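Ligands are counted one by one from 1 in listed order, and the atoms in each one are counted from 1 as well. Computed from a predicted structure; not experimentally measured. What's counted below: heavy atoms across the whole structure, side chains too, no hydrogens, waters or symmetry copies.
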Amino acid sequence: MNKLEITNINNLLEAPKKIVIVSHKNPDGDAIGSSLGLYHYLLKGGHDVSVLMPNDYPSFLKWIPGNDIILRHDSQKTECDELINNADIIFTLDFNAFHRAGNMETALTQSKAKKIMIDHHQAPDDYADYTFSDTNMSSTCEMVYHFISMLNDTNLLDETIATCLYVGIMTDTGSFRFSSTSSKTHQIVAQLIEKGAKNDEIHNDVYDTNSFERLQLLGCALNNLKVIPESRAAYITLSQEELNKFNYKKGDTEGVVNYGLSLENVVLAAIFIEDKNEGIIKISLRSKGNFSVNEMSRLHFDGGGHTNAAGGRSSLSLNDTVEKFISILSTYKKALNNE
Ligand code: 5GP
Ligand code: MN
């Protein structure tokens, strides 16, 4: 973002505006944390701010300050579409193509509001008036910090904003262990703690609030884990029947894919989760090093994401999806063995 753009945004935000913040379908910690962090910051400027999500999200994110003001498009469509239609400014956070906002796509496409994108995914679409896109960033939460800093407002950071931003940095970096975690990330996190973010409590609220059934489901997933040593790959399947057996709730499978990647010598991990309701197999892909699961997902699984973490879907059966994955692997064998 250049100086002129920052000046323009500063001018845009000088007087109170009707602002809508939206994030992506199946919101994660970074989507909710960045949206609510920005929400609390913009409130301080006297703006009228709404936060809209396309659909539901895990209960381990429902304690984040401001959670109660979030509107969901799947259950409050008319209200959400009206807010989008009447907005002066729309921030799109943690995604970069309107279709990622689920059924909000139509309203967003038609909206005349000024759009500001803050995002760290690859290949942004060209819809925003101001595009703050950086794939080297650990998280959108880290970028919201930079955004506030570019507007010379770090003095406005308080415990509430710091808590929201800490959540997304923590979840998107796998608790500060992925390669996207830079020294700058740590410096920002240090400031957030100084502003009042309680790192131990936040970690506990997100990671140590499992239900017994969630852990049983994890046991089932680990039982289903398969390894393909010649491709240095591992994958997990979960059928709808297995999900039902353990009373699956949204978010219960979050992070499970990483267990495949924790195996010695494995550099590519996948999880295939059957969703009979949507009639798809939801796919998560993770990798180590330079192997791009973003590319793999874009080419073969109608998805995308980052180099080392991507999502996608398949409309084949669970078995056929796994077979497709295995057959694709043979074309990547060389790349996977060079990691
Ligand atoms: P997950 O596997 O946790 O669903 O997603 C991993 C990463 O890929 C996240 O950063 C998520 O935003 C991104 N992602 C997931 N699904 C899609 C998709 O369908 N398209 C794109 N472009 N990114 C996705
Ligand atoms: Mn993110």
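The shortest separation from a heavy atom of Glu254 to ligand 1 is not under 4.0 Å, leaving the residue out of contact.
Here the heavy atom of the protein found nearest to atom 4 (O) of ligand 1 is Lys282 NZ, 3.3 Å. Considering only non-hydrogen protein atoms, atom 10 (O) of ligand 1 sits nearest to His121 NE2, 2.9 Å. The shortest contact between atom 7 (C) of ligand 1 and any protein heavy atom is with Ala309 O, 3.6 Å. Among protein heavy atoms, the minimum distance from atom 3 (O) of ligand 1 is reached at Arg286 NH2, 2.9 Å.
Here atom 11 (C) of ligand 1 lies nearest to Arg100 when heavy atoms of His306, Gln122, Arg100 are compared.
When each atom of ligand 1 is checked for a heavy atom of Gly304 under 4.0 Å away, the hits are 8 (O), 13 (C), 14 (N), 17 (C), 18 (C), 20 (N), 21 (C), 22 (N), 23 (N), 24 (C). Taking a cut-off of under 4.0 Å to the non-hydrogen atoms of Arg313, the atoms of ligand 1 that pass are 19 (O). Residue Ser284 has at least one heavy-atom neighbour below 4.0 Å for each of these atoms of ligand 1: 1 (P), 2 (O), 4 (O). Close contacts of ligand 1 with Gly305, meaning ligand atoms under 4.0 Å from a residue heavy atom, involve 8 (O), 13 (C), 21 (C), 22 (N), 23 (N).
Heavy-atom neighbours of Asp126 CG from other residues, nucleotides or ligands within 6.0 Å: at or below the threshold of 12. Heavy-atom neighbours of Lys276 NZ from other residues, nucleotides or ligands within 6.0 Å: at or below the threshold of 12. Counting non-hydrogen atoms of other residues, nucleotides and ligands closer than 6.0 Å to CG of Asn10 gives a total above 12.
With respect to the salt-bridge test (charged N to carboxylate O, under 4.0 angstrom), the residues Asp48 and Lys18 do not qualify. With respect to the salt-bridge test (charged N to carboxylate O, under 4.0 angstrom), the residues Lys324 and Asp320 do not qualify. By the 4.0 Å N-to-carboxylate-O rule, Lys249 lies too far from Glu254 to be salt-bridged with it. Using a cut-off of 4.0 Å between Lys/Arg side-chain N and Asp/Glu carboxylate O, Lys198 and Glu159 are scored as salt-bridged.
Closest approach of His120 to Thr140, counting heavy atoms only: CD2-OG1, 3.3 Å.
Here the two rings, on Tyr166 and Phe176, have centers that are under 6.0 Å apart.
For Asp30, the N, O or S atom closest to the Mn ion (ligand 2) goes by the atom name OD2. The minimum distance between the Mn ion (ligand 2) and any N, O or S atom of Asp172 involves atom OD2.
For the pair NE2 of His120 and OD1 of Asp94, the angle at the Mn ion (ligand 2) is about 90°; rounding is to 10 degrees.
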